[in-house]
Amino acid sequence: VTKREFLKGAILFFPAGGLAALVRAAAVADTGTAGATKAGAADAADAPGRYDPARHYYGMGIEVDRCIGCSRCVQACKTENDVPPEPFFFRTWIEHYTVRRDGEVTVESPDVTGRRRAATPEDREVLRSFFVPKLCNHCANPPCVQVCPVGATFSTVDGVVLVDRDRCIGCRYCIQACPYGARFLDPRTHTADKCTFCYHRVVKGLAPACVEVCPTQARIFGDLRSKASRLVRFRRLNKLNVLKPSLNTEPKVFYAQLDGEVR
Amino acid sequence: MTPGVPPALGELLDQVTGFIYPNEIEIHWALLIVVYPYVTGLVAGAFILASLVKIFNVAEVQPVYRLSLLTALAFLLVAPLPLNLHLGHPERAFEIFLTPNLTSAMAMFGFVYAWYLMGVLLLELWFEFRRDLVVLGQRTPGLRGRLYRALSLYSRDVSPAALAFDRRAIRVITVVGIPSAFLLHGYVGFIFGSVKANPWWSSVLMPIVFLMSAIVSGIAMVILLYMVITAARRQPIDMACVDTMSAYLFYAVIVDFSLELLDFVHRLYESEESVKILGALITAKLFMSLLVLQILLGMFLPLGMLVLARTRRFNEDMRKLLYFGAVLLIQVGIFATRWNVVIGGQLFSKSFRGLMAYKLELTGIEGLGVALVLLALPFAILAGMVKLLPTTRLAAEASEPPGIGP
């Protein structure tokens, strides 16, 4: 039994599968209002009660200009996924960029510093300022999966990069290989950990926690395989970029209005 | 506070300069991973020195042939320990053999290691020592004699034909062994050199630089051990042997330095996106370990000492002292080299906007104590082996048929 088959089986027998079908049925009946909170639900082509990973391919869109840096996504993620509370374990985080008129760029993460440490520059000194949400890019060509010596980190058929914590040996090669700093070592399990796109929610037709709570809908989750998904619409209407494209990791988190200062 | 969180992480947060990705605060590959390439480098270097005798017929190095092989074995036996201790789940380490991910450079470790240990080093050692083990097994009584007989795998044939076969076997194994030693350490370099996310590591030169520095450290270590062991035995040091080895050492250091200089100049000239943060890394974090320890004290000074010792302007004692000082400094320099690669590569953010800090723990599994024990262990193993096994071929005995002698 491969991991893939195992996961598939596990999902099929998931008791909440029926519940997901109900949610999905409700979504279909109510397509007009099924917004970000039911991403992928309206366009799910699965038979009721059955989740077929082969029919999906997930990604995320981020509209940089909509992010207000409130960090609710960060808190929601920590709560939903039981991420350690310390300010150096994150599955998602916010970066605050300030570009001054003299060209100097300062970046900080409000999730780490809490209250801002650096003195707020005078408004007239600031050229532009913006927030950028970061998370695992669920790369189509993921360096972390390539280097894992035991195959504990893997790409699912539906385009999500996951870690099998029962298999991970804790060598941390994947953490070194990730260009985005998206991984950490869970101090409780001594295994690598990272964003899963809230896979446990997604397979039930729900949106990831960070997407669910974003008050400005700066995050758009969806199915790249479905023409009707919000993500596909987002990709049609915006000029997009990904982080560190030169590394050829083929990220599936797409940024609109991404500033050149963001790495 | 979540249980299991290293307590130092909170303090390190205050030592960050600039911006780093929040998860980057932890230095994941710490001191034990510095020890690992240092130790495997010594294995490869010592073996390549031994190969000079068998393949290139450098007769002057013959006195250290066996010592080199034993040194390689002692360090090879310890090499997997730092890796295993460093794992989050050491009990799952065997998964690397059972379910290796074939695209992972690290997954090949088990196979490269096993091949080198079983297919090369132990085999060559057995053929080299077989005749002596047979002789010792016959003339040593008691438990020790039994051990010799067991180590000889209960072979008894010391006929000229059998000894000729041993010699041929050693030659073949050495021919296979040189590329294997290159593989063993070049591969360690590849583990780092192939991480495209990290500009300090990502370099095609990395395996070659690792290899050359391995040769440097291995030769220097064998010279050091030879001088110490010979002095401890109150025997005269074979200066022709030391001169020859240090000549090879001299050229190896030159090549090693040239490669690293090439890497440095190449990065500076290409001046890619990462050049600024790497410059900051060198000046702010690695000044002592890179410029002072690795380059100045670990390369330039020993090079000067080697040149001085070879000019023969000094008497023998002074030359010995210069050699001894040089090889000692080279060990410090190569350890600093490993440190600069492993730790240095984790002291700057992949956002290229900030620098992290590393706090060396004294206790704990990743601490200085464990590292020192691991570094001392090969010497203890080597001491045991040198006590048990003759480092020079035993003289022929009167009862033996002719043709067995040294």
Side-chain angles (χ1 to χ4, degrees), chain A residues 84-91 93 95-97 105-109 111-113 134 143-154 166-194 244 246-249 261-263, chain B residues 1-6 9-10 12-13 16 18-26 28-29 33 83-84 86-110 191-192 194-199 201-202 272-273 345-346 349-354:
Chain A
E86 284 78 7
F88 29 79
F89 302 113
F90 292 100
R91 286 183 176 198
W93 68 95
E95 292 172 5
H96 181 196
Y97 286 74
V105 183
T106 49
V107 187
E108 47 185 16
S109 177
D111 311 307
V112 177
T113 51
K134 290 277 190 83
C144 53
V145 172
Q146 181 188 29
V147 302
C148 176
V150 295
T153 191
F154 59 101
D166 294 329
R167 210 168 253 267
C168 174
I169 62 172
C171 72
R172 313 164 191 218
Y173 202 7
C174 58
I175 302 176
Q176 306 288 5
C178 174
Y180 307 104
R183 289 172 165 256
F184 58 91
L185 195 86
D186 191 316
R188 299 160 302 187
T189 60
H190 305 290
T191 54
D193 197 64
K194 62 179 277 297
K244 303 190 181 183
S246 64
L247 293 180
N248 192 33
T249 53
E261 291 291 348
V262 180
R263 276 193 285 252
Chain B
M1 183 103 169
T2 311
V5 176
L9 290 188
L12 291 177
L13 217 49
V16 169
F19 171 75
I20 65 166
Y21 296 136
N23 290 332
E24 286 182 317
I25 190 77
E26 189 170 357
H28 284 283
W29 287 354
I33 305 301
L83 289 183
N84 216 334
H86 153 270
L87 288 183
H89 284 273
E91 79 281 3
R92 295 180 192 162
F94 217 64
E95 294 286 338
I96 288 191
F97 293 94
L98 299 179
T99 57
N101 173 23
L102 296 179
T103 63
S104 168
M106 196 184 275
M108 295 303 107
F109 168 79
I191 284 189
F192 291 96
S194 61
V195 177
K196 66 181 170 188
N198 189 322
W201 290 344
S202 177
E272 287 187 347
E273 195 183 10
Q346 299 171 81
S349 168
K350 287 172 191 155
S351 69
F352 304 158
R353 289 189 182 278

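Nothing here was measured: the structure is a model prediction, and the numbers come from that model. Because only heavy atoms are used, hydrogens play no part in the values below, and waters and symmetry mates are left out as well, while side chains stay in. Protein chains get the first letters and strands the later ones, always in sequence-line order, with residue 1 at the start of each.
- For B/Val195, the part sitting under 4.5 Å from any heavy atom of chain A is the side chain, from C-beta outward, and nothing else.
- A donor-acceptor contact shorter than 3.5 Å is absent between the side chain of A/Glu86 and the backbone of B/Gly10.
- Taking the side chain as every heavy atom from C-beta outward, A/Ile175 and B/Glu26 never approach each other to under 4.5 Å.
- Considering only heavy-atom pairs separated by less than 4.5 Å from chain B, the leading option among A/Gln176, A/Lys244, A/Arg183, A/Gln146 is A/Gln176.
- Using a 4.5 Å cut-off between heavy atoms, B/Glu95 touches chain A through backbone and side chain atoms alike.
- With chain B as the partner, the residue from A/Cys178, A/Pro85, A/Ala182, A/Pro143 showing the most heavy-atom pairs under 4.5 Å is A/Cys178.
- Contacts between A/Ala192 and chain B at a heavy-atom distance below 4.5 Å are absent for every atom of the residue.
- In this structure, the side chain of B/His89 engages the main chain of A/Thr189 through a donor-acceptor pair within 3.5 Å.
- Interatomic distance, SG of A/Cys148 versus CD1 of B/Ile96, reported as 8.5 Å (0.5 Å rounding).
- For B/Gln346, the part sitting under 4.5 Å from any heavy atom of chain A is the side chain, from C-beta outward, and nothing else.
- Of the atoms belonging to A/Ser246, not a single heavy atom falls under 4.5 Å from chain B.
- Not one N or O on the side chain of A/Arg188 forms a donor-acceptor pair closer than 3.5 Å with the backbone of B/Gly4.
- Both the backbone and the side chain of B/Phe352 come within less than 4.5 Å of a heavy atom in chain A.
- Between B/Trp29 and A/Tyr173, the ring planes lie tilted relative to each other; the angle falls in the 30° to 60° range.
- You'll find the side chain of B/Tyr21 reaches within 4.5 Å of the side chain of A/Trp93, heavy atoms only.
- For chain A, the nearby parts of B/Leu87 are the backbone and the side chain; heavy atoms of each come within less than 4.5 Å.
- Using a 4.5 Å cut-off between heavy atoms, B/Ile191 contacts chain A through both its backbone and its side chain.
- Per-residue counts of heavy-atom pairs under 4.5 Å with chain B were compared for A/Pro149, A/Pro179, A/Cys168, A/Cys171; the largest is that of A/Pro149.
- Taking all atoms of both residues into account, the shortest heavy-atom contact from B/Ala197 to A/Ala177 is CB-O, 3.3 Å.
- Proximity to chain A is absent for every atom of B/Ser349, based on heavy atoms less than 4.5 angstrom apart.
- Note that CZ of B/Phe19 and NE2 of A/His96 are 11.5 Å apart. Values are rounded to the nearest 0.5 Å.
- If you take CE on B/Met106 and SG on A/Cys174, they are separated by 9.0 Å, rounding to the nearest 0.5 Å.
- Between the CZ atom of A/Phe184 and the NE2 atom of B/His28 there is a distance of 9.5 Å, given to the nearest 0.5 Å.
- At a threshold of 4.5 Å between non-hydrogen side-chain atoms, the residues B/Ser351 and A/Val107 do not count as touching.
- Between B/Val5 and A/Phe89, the closest side-chain pair of non-hydrogen atoms falls below 4.5 Å.
- Remark: the backbone N or O of A/Ala152 is not paired with any side-chain donor or acceptor of B/Asn101 at under 3.5 angstrom.
- Among the candidates B/Asn23, B/Ile33, B/Thr103, B/Ile20, the residue making the largest number of heavy-atom pairs closer than 4.5 Å to chain A is B/Asn23.
- Put simply, the side chain of B/Lys196 gets close to the backbone of A/Leu247: a donor and an acceptor are under 3.5 Å apart.
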